[in-house]
Amino acid sequence: MAFPFQRQEPIRLAVPARTLSLEETPDHRRLLASVPTPSAKSGEPGAFALRPSEPPEQWCGSVADAARAVRRGELRKAVLARRIQMECDTDIQPSVVLRRLAHSFPSAYLFSAFGLVGASPELLLAKRGRRVESRALAGTIRRGGDAESDRRLASWLQESGKNQEEHRVLREAVLDALTSSTTWIKANERPETLKLANVQHLMTRVRAELKADHPPFLRLAAMLHPTPAVCGWPRDKAYEVIERLEGWDRGLYGGALGWVDAEGNGCLCVTIRCAEIHGKNATMYVGNGIVADSDPKEELAETRAKLGAILPALIAP
Ligand SMILES: C=C(O[C@H]1C=CC=C(C(=O)O)[C@@H]1O)C(=O)O
């Protein structure tokens, strides 16, 4: 099932013909063992062309506009996204893209559903019985080329006021949405650094136990969605800024996708680091949190670093 980015749009639901449970191996090792290494011929294009839907300069102008709105005190944070179109000379195979993502991002939430393929590092909400978990990510820096520069970049991220503010807004929103439904809730005091193949993020893990009369899983997920990782805060104002500065329909990007079962358990990741695939064409989506100190050129570079997840999986380097 999937939530689109827009809250008023209908939820998408699919009933799988078959399900496989990997509960005993939460580290995905068994899943990976069953995913063959993609062969050189597994459907990669011979030639492809990339084109941003909006000129990068226009997107930078929108970033500057959103940062000014934050400085005027109209909102704390807005997330602005870009779309990159790819046209290939052969059909793109979602299953091949998914396998490549599984190899590069073994700890991510992998999905190929409703035309969207991706490897998201961000968990909106997982529930088993009365235990819930969320993995909130906001604040980003690229990976370093060697261990030393990678460590330097990670400590820069931890010291960056701009990134800490992006993260704080998200952390507070997640804790606020869940706390009244819980008997206890725990979150790391300072964000950890999550290292992925292409970027590093500030991360807060939230764990909680729900009260006996807690809202159902989908209601809880809907209370969280969309978090400030993909929308901003306050939510209504951020939706307005996104509508004004982006002006296109995000569809399932910036939504949530996963499963829910008849016992009221489920797991929904945030739909980022993904692409929509239609035959020979793909649309990649990428967005950044914008706060008062966001610099348009640095934000543009950050979107390019984040694209280092889905782009190589589409073109098989
Ligand atoms: C909205 C996206 O990333 C979010 C998740 C982690 C870090 C983010 C950031 O640092 O801006 C974004 O909030 C995306 O990749 O499209």
Side-chain angles (χ1 to χ4, degrees), residues 5 52-53 59 62-63 66-67 70 76-84 101 105 107-109 111 116-124 134-143 153-154 156-158 160-174 191-205 224-233 235 238 241-242 245-246 248 250-257 269-276 283-296 298-311 313:
F5 173 68
S53 297
W59 189 79
S62 299
V63 169
V70 176
R76 281 182 72 189
K77 171 178 174 179
V79 177
L80 292 182
R82 303 178 63 206
R83 289 172 297 176
I84 315 295
L101 287 169
F105 297 92
S107 65
Y109 299 91
F111 51 88
L116 202 67
V117 179
S120 171
E122 184 137 19
L123 174 63
L124 181 74
S134 181
R135 189 160 101 162
L137 304 178
T140 307
I141 192 70
R142 66 183 188 283
R143 294 297 305 265
L153 288 165
W156 179 88
L157 181 65
Q158 286 289 347
S160 157
K162 182 211 86 132
N163 282 282
Q164 287 289 343
E165 169 63 5
E166 278 183 52
H167 192 83
R168 199 162 31 244
V169 175
L170 171 63
R171 184 185 197 276
E172 288 171 13
V174 171
E192 298 169 32
T193 306
L194 175 72
K195 288 179 187 277
L196 302 170
N198 55 327
V199 289
Q200 332 194 29
H201 289 303
L202 296 179
M203 168 170 75
T204 295
R205 288 175 196 273
L224 286 166
H225 171 74
T227 73
V230 286
C231 183
W233 203 255
R235 188 182 279 148
V241 169
I242 291 167
L245 295 174
E246 282 181 7
W248 45 271
R250 288 188 180 184
L252 289 180
Y253 165 72
L257 193 150
C269 72
V270 180
T271 41
I272 54 174
R273 315 299 147 84
C274 57
E276 228 166 47
T283 305
M284 289 169 269
Y285 297 94
V286 62
N288 287 1
I290 308 303
V291 292
D293 296 337
S294 297
D295 174 82
E298 284 170 15
E299 296 300 332
L300 188 67
E302 184 177 315
T303 63
R304 290 175 176 153
K306 284 178 180 152
L307 281 168
I310 189 69
L311 179 58

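Only heavy atoms go into these numbers, but all of them, side chains included; no hydrogens, no water, no symmetry mates. Nothing here was measured: the structure is a model prediction, and the numbers come from that model. Start at 1 and go down the list; that is how both ligands and their atoms are numbered.
Using a 4.0 Å cut-off to heavy atoms of Leu137, the atoms of ligand 1 that qualify are 5 (C), 6 (C), 7 (C). Taking every heavy atom of Glu166 and a limit of under 4.0 angstrom, the matching atoms of ligand 1 come to 9 (C), 10 (O), 11 (O).
Ring orientation note: the planes of His225 and Phe5 are nearly perpendicular, at an angle over 60° on the 30°/60° scale.
Just one residue in the list Arg304, Lys306, Lys162 forms a salt bridge (charged side-chain N to carboxylate O under 4.0 Å, His left out) with Glu299, and that residue is Lys162.
Where the criterion is an N or O separation shorter than 3.5 Å, residue side chain and backbone included, Asn288 fails it with respect to ligand 1. Taking distance alone, with nitrogen or oxygen atoms compared against 3.5 Å, Gly289 approaches ligand 1 more closely than that limit. For Gly139, a nitrogen or oxygen atom sits less than 3.5 Å from a nitrogen or oxygen atom of ligand 1, counting backbone and side chain alike.
The pair Glu192-Arg135 does not count as a salt bridge, with every side-chain nitrogen at least 4.0 angstrom from each carboxylate oxygen. Between Glu172 and Arg76 a salt bridge is recorded (basic side-chain N to carboxylate O distance below 4.0 Å).
Across every non-hydrogen atom of Leu202 and Pro191, the tightest pair is CB-CB, 3.9 Å.
The shortest distance between side-chain heavy atoms of Thr140 and Asn288 does not fall below 4.5 Å.
Under 4.0 Å from ligand 1, the heavy atoms of Ile272 that appear belong solely to its side chain.
In this structure, atom 16 (O) of ligand 1 lies nearest to the protein heavy atom Tyr253 OH, 2.6 Å. Residue, atom and distance of the protein heavy atom nearest to atom 7 (C) of ligand 1 are Thr140 OG1, 3.4 Å.
Remark: Arg142 pairs with no residue by the side-chain hydrogen bond (donor to acceptor under 3.5 Å, both in side chains) rule, at least two apart or across chains.
Remark: among candidates Arg273, Lys77, Met203, Gln200, the nearest residue to atom 3 (O) of ligand 1 is Arg273, based on non-hydrogen atoms. For atom 14 (C) of ligand 1, the nearest non-hydrogen atom from the set Gly287, Ser120, Ala136, Ala229 comes from Gly287.
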